[in-house]
Visitor: 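If you scroll down you'll find the structure; I have some questions about it.
Computed from a predicted structure; not experimentally measured.
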Amino acid sequence: MTLRRRGEKATISIQEHMAIDVCPGPIRPIKQISDYFPRFPRGLPPDAGPRAAAPPDAPARPAAASAGCRSPSDGARDDDEDVDQLFGAYGPSPGPSPGLSPGPSPARPPAKPPEDEPDADGYESDDCTALGTLDFSLLYDQESNALHCTISKAKGLKPMDHNGLADPYVKLHLLPGASKANKLRTKTLRNTLNPTWNETLTYYGITDEDMIRKTLRISVCDEDKFRHNEFIGETRVPLKKLKPNHTKTFSICLEKQLPVDKTEDKSLEERGRILISLKYSSQKQGLLVGIVRCAHLAAMDANGYSDPYVKTYLKPDVDKKSKHKTAVKKKTLNPEFNEEFCYEIKHGDLAKKTLEVTVWDYDIGKSNDFIGGVVLGINAKGERLKHWFDCLKNKDKRIERWHTLTSELPGAVLSD
């Protein structure tokens with residue numbers, strides 16, 4: 001900084017000039033440095049004469065005063081306003097400096113709070129329309145123990161293929177439970193984001209207990225021929241929301257994939273279910289045992305399926321002639337047999353008998369695997385005992401009941 005002596009003309013170095021013109025500031029015009037720096041970077045205007053500083057308590061002039069006759073106090077006030085305007089260009093001053101008159105400061109708009117930017121990938125947002133919507137209806141037929149799921153249509157699905165379309169299908173699971181044992185799926189519709197299926201998928205062997213504790217998972221996926229199928233979205237419906245024998249319609253936005261609870265209670269794990277019909281025929285003088293179908297069987301093969309068949313015994317079997325066996329159903333966990341066997345026996349002797357039904361997985365070149373079984377008779381409990389007595393009390397009447405398979409049979413030989 002260059003100091004000037006009394007009487008010398010004010011000079012400014014190039015460094016000081018650059019500091020004033022270029023420094024991003026703010027540069028505050030305080031009294032101490034204003035003695036050494038000119039108020040204007042390029043000097044005072046040629047018509048400006050020497051002005052005396054106005055006392056701090058100088059009275060203000062009336063507004064009607066002539067511009068040609070200005071007092072020294074007016075000049076000082078004008079100078080301060082010019083300085084405020086000059087330095088205001090380099091940045092706002094936090095407040096008035098001591099010794100200088102506060103100049104008018106332009107009003108600045110309040111800063112807007114930062115807004116949440118939209119997700120770059122719109123399909124990953126929480127907007128329900130990003131993945132699409134699904135229309136479907138559910139009906140629980142209490143009499144036949146069946147859950148009918150009608151998949152109607154979907155709208156605005158997320159594009160999954162390079163052509164901006166998808167090849168969608170819908171698959172169903174009952175939770176908790178094995179995935180493939182209770183998996184159902186619709187057909188695949190090609191090159192569409194607004195598919196219409198109008199397809200009904202049915203779960204058999206659904207009990208009132210299932211309706212209380214199970215949840216239906218509905219997933220929409222994109223089928224790919226040369227790689228893994230891709231997940232689009234899903235929704236879940238607790239079955240306890242349904243009323244028996246009443247159709248409920250849904251139109252739900254698909255959600256991102258939700259985690260599946262793998263720590264479910266092992267006591268609820270099942271080996272599958274079987275639908276058995278019993279009838280004592282007075283005409284044939286024998287017990288007719290019908291093996292209708294199985295549902296949600298445990299997978300025993302490496303491909304995630306089984307090759308199931310059913311065997312029945314009426315015990316005690318002294319002559320070992322009571323064994324009957326159904327045909328083998330390949331690669332399925334929900335086989336339908338519709339086979340019936342007849343045991344010639346007097347009606348009065350049935351109270352002493354026990355019907356043993358076992359389900360097996362057929363294997364070539366090695367022992368067949370035991371899947372599960374159920375025992376009906378006087379030593380049974382719950383629904384199994386009730387089913388047996390209903391058959392004894394109602395001659396010539398066919399009675400069907402679903403039974404849960406157990407992994408062990410008391411007193412049974414677990415070999416084929």
Side-chain angles (χ1 to χ4, degrees), residues 145 204-205 270-298 300 306-330 332-363 367-416:
N145 296 105
Y204 296 98
E270 299 175 355
R271 307 290 292 178
R273 298 179 186 183
I274 185 168
L275 180 58
I276 302 173
S277 69
L278 297 179
K279 175 185 174 181
Y280 184 82
S281 174
S282 300
Q283 181 181 1
K284 295 184 178 181
Q285 290 292 306
L287 176 66
L288 302 181
V289 178
I291 305 300
V292 183
R293 68 189 310 148
C294 293
H296 322 322
L297 294 180
M300 307 302 292
S306 294
D307 302 319
Y309 67 94
V310 179
K311 294 191 302 178
T312 64
Y313 294 90
L314 191 63
K315 295 186 175 181
D317 182 18
V318 179
D319 298 331
K320 299 186 181 298
K321 295 181 179 179
S322 67
K323 175 181 174 181
H324 290 281
K325 184 165 65 174
T326 68
V328 177
K329 302 295 180 179
K330 294 290 186 179
T332 178
L333 300 177
N334 298 279
E336 188 171 355
F337 299 99
N338 290 321
E339 296 188 37
E340 190 173 71
F341 310 115
C342 180
Y343 291 99
E344 294 182 2
I345 187 173
K346 294 180 181 180
H347 183 267
D349 294 338
L350 280 179
K352 303 175 184 179
K353 295 290 185 177
T354 297
L355 179 66
E356 180 181 299
V357 181
T358 55
V359 183
W360 299 78
D361 169 55
Y362 176 76
D363 288 320
S367 299
N368 298 331
D369 299 319
F370 174 73
I371 297 178
V374 63
V375 174
L376 307 179
I378 57 175
N379 296 322
K381 296 180 180 179
E383 287 295 323
R384 295 168 292 172
L385 177 60
K386 188 175 184 299
H387 192 188
W388 186 255
F389 275 126
D390 287 345
C391 172
L392 298 183
K393 289 187 295 184
N394 299 278
K395 289 184 179 181
D396 301 314
K397 182 178 179 181
R398 180 187 176 96
I399 300 175
E400 283 188 356
R401 296 282 169 80
W402 281 95
H403 298 283
T404 300
L405 300 175
T406 58
S407 57
E408 295 182 1
L409 284 175
V413 180
L414 299 183
S415 62
D416 191 12

Visitor: On a heavy-atom basis, which atom in I345 and which in Y280 lie closest, and how many Å separate them?
Guide: O-OH, 2.9 Å
Visitor: Parallel, tilted or perpendicular, judged at 30° and 60°: which one describes the rings of F341 and H324?
Guide: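 It falls in the parallel class, under 30°.
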Visitor: Do L297 and S306 have side chains that get closer than 4.5 Å, going by heavy atoms?
Guide: no
Visitor: Determine whether C391 and L287 make a side-chain contact, defined as any pair of heavy atoms from C-beta on separated by less than 4.5 Å.
Guide: yes
Visitor: Mind checking the CG-NZ spacing from N334 to K329? Nearest 0.5 Å is all I need.
Guide: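 Spacing of CG (N334) from NZ (K329) equals 13.0 Å.
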Visitor: Could you tell me which non-hydrogen atom of C294 sits nearest to which non-hydrogen atom of V310, and how far apart they are?
Guide: SG-CG2, 4.3 Å
Visitor: Using only atom types and a distance under 3.5 Å, with no angle test, would you say the side chain of H347 pairs donor to acceptor with the backbone of L392?
Guide: yes
Visitor: Could you give me the CA-CA distance, side-chain angles and deciding distance for V292 and N338, then say whether side chain to side chain contact (heavy atoms under 4.5 Å, CB included) is met?
Guide: CA-CA 4 Å; V292 183; N338 290 321; 3.5 Å; yes
Visitor: Between R271 and I371, is there a donor-acceptor pair closer than 3.5 Å when you use the side chain of the first and the backbone of the second?
Guide: yes
Visitor: Would you check if D390 and R401 make a side-chain contact, meaning some heavy-atom pair closer than 4.5 Å?
Guide: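 Of all side-chain heavy-atom pairs linking R401 with D390, at least one is under 4.5 Å.
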Visitor: So if I apply the side-chain contact (heavy atoms from CB on, under 4.5 Å) rule between D307 and each of T332, N368, V328, D369, which one comes out positive?
Guide: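 So the option named by the test is V328.
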Visitor: Per the salt bridge (Lys or Arg N to Asp or Glu O under 4.0 Å) rule, what does the pair list look like for residues 340-353, sequence neighbours excluded?
Guide: E340-R398
Visitor: Between I291 and V357, is the side chain to side chain contact (heavy atoms under 4.5 Å, CB included) condition met? List the steps.
Guide: CA-CA 9 Å; I291 305 300; V357 181; 4.2 Å; yes
Visitor: Is there a side-chain contact between Y362 and K330, using heavy atoms and a 4.5 Å cut-off?
Guide: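 The answer is yes; the side chains approach within 4.5 Å.
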Visitor: I want to check something: taking the side chain as every heavy atom from C-beta on, are Y309 and P335 in contact at a cut-off of under 4.5 Å?
Guide: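 Y309 does not reach P335 side chain to side chain.
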Visitor: Is there a side-chain contact between W388 and L278, using heavy atoms and a 4.5 Å cut-off?
Guide: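 Yes, at least one pair of side-chain atoms sits under 4.5 Å.
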Visitor: Within this structure, what is the CG-NZ distance for the pair D396 and K284, rounded to the nearest 0.5 Å?
Guide: 11.5 Å
Visitor: Out of curiosity, K279 NZ to L288 CG, how far, rounded to the nearest 0.5 Å?
Guide: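 K279 atom NZ to L288 atom CG measures 6.0 Å (nearest 0.5 Å).
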Visitor: Decide yes or no for V289 and L314: does some side-chain heavy atom of the first lie under 4.5 Å from some side-chain heavy atom of the second?
Guide: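 Side chain of V289 against side chain of L314, heavy atoms only: no contact under 4.5 Å found.
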Visitor: Restricting to non-hydrogen atoms, name the atom on W402 and the atom on R293 that form the minimum distance, rounded to 0.1 Å.
Guide: CH2-CG, 3.6 Å
Visitor: Taking the side chain as everything from C-beta on, heavy atoms only, tell me whether T312 gets closer than 4.5 Å to K323.
Guide: no
Visitor: Can a donor-acceptor pair be found, under 3.5 Å and without considering hydrogens, that links the side chain of S277 to the backbone of I399?
Guide: no
Visitor: Please confirm whether the backbone N or O of V375 pairs with a side-chain atom of H403, one donor and one acceptor, at under 3.5 Å?
Guide: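 Checking the backbone N and O of V375 against the side chain of H403, no donor-acceptor pair under 3.5 Å is found.
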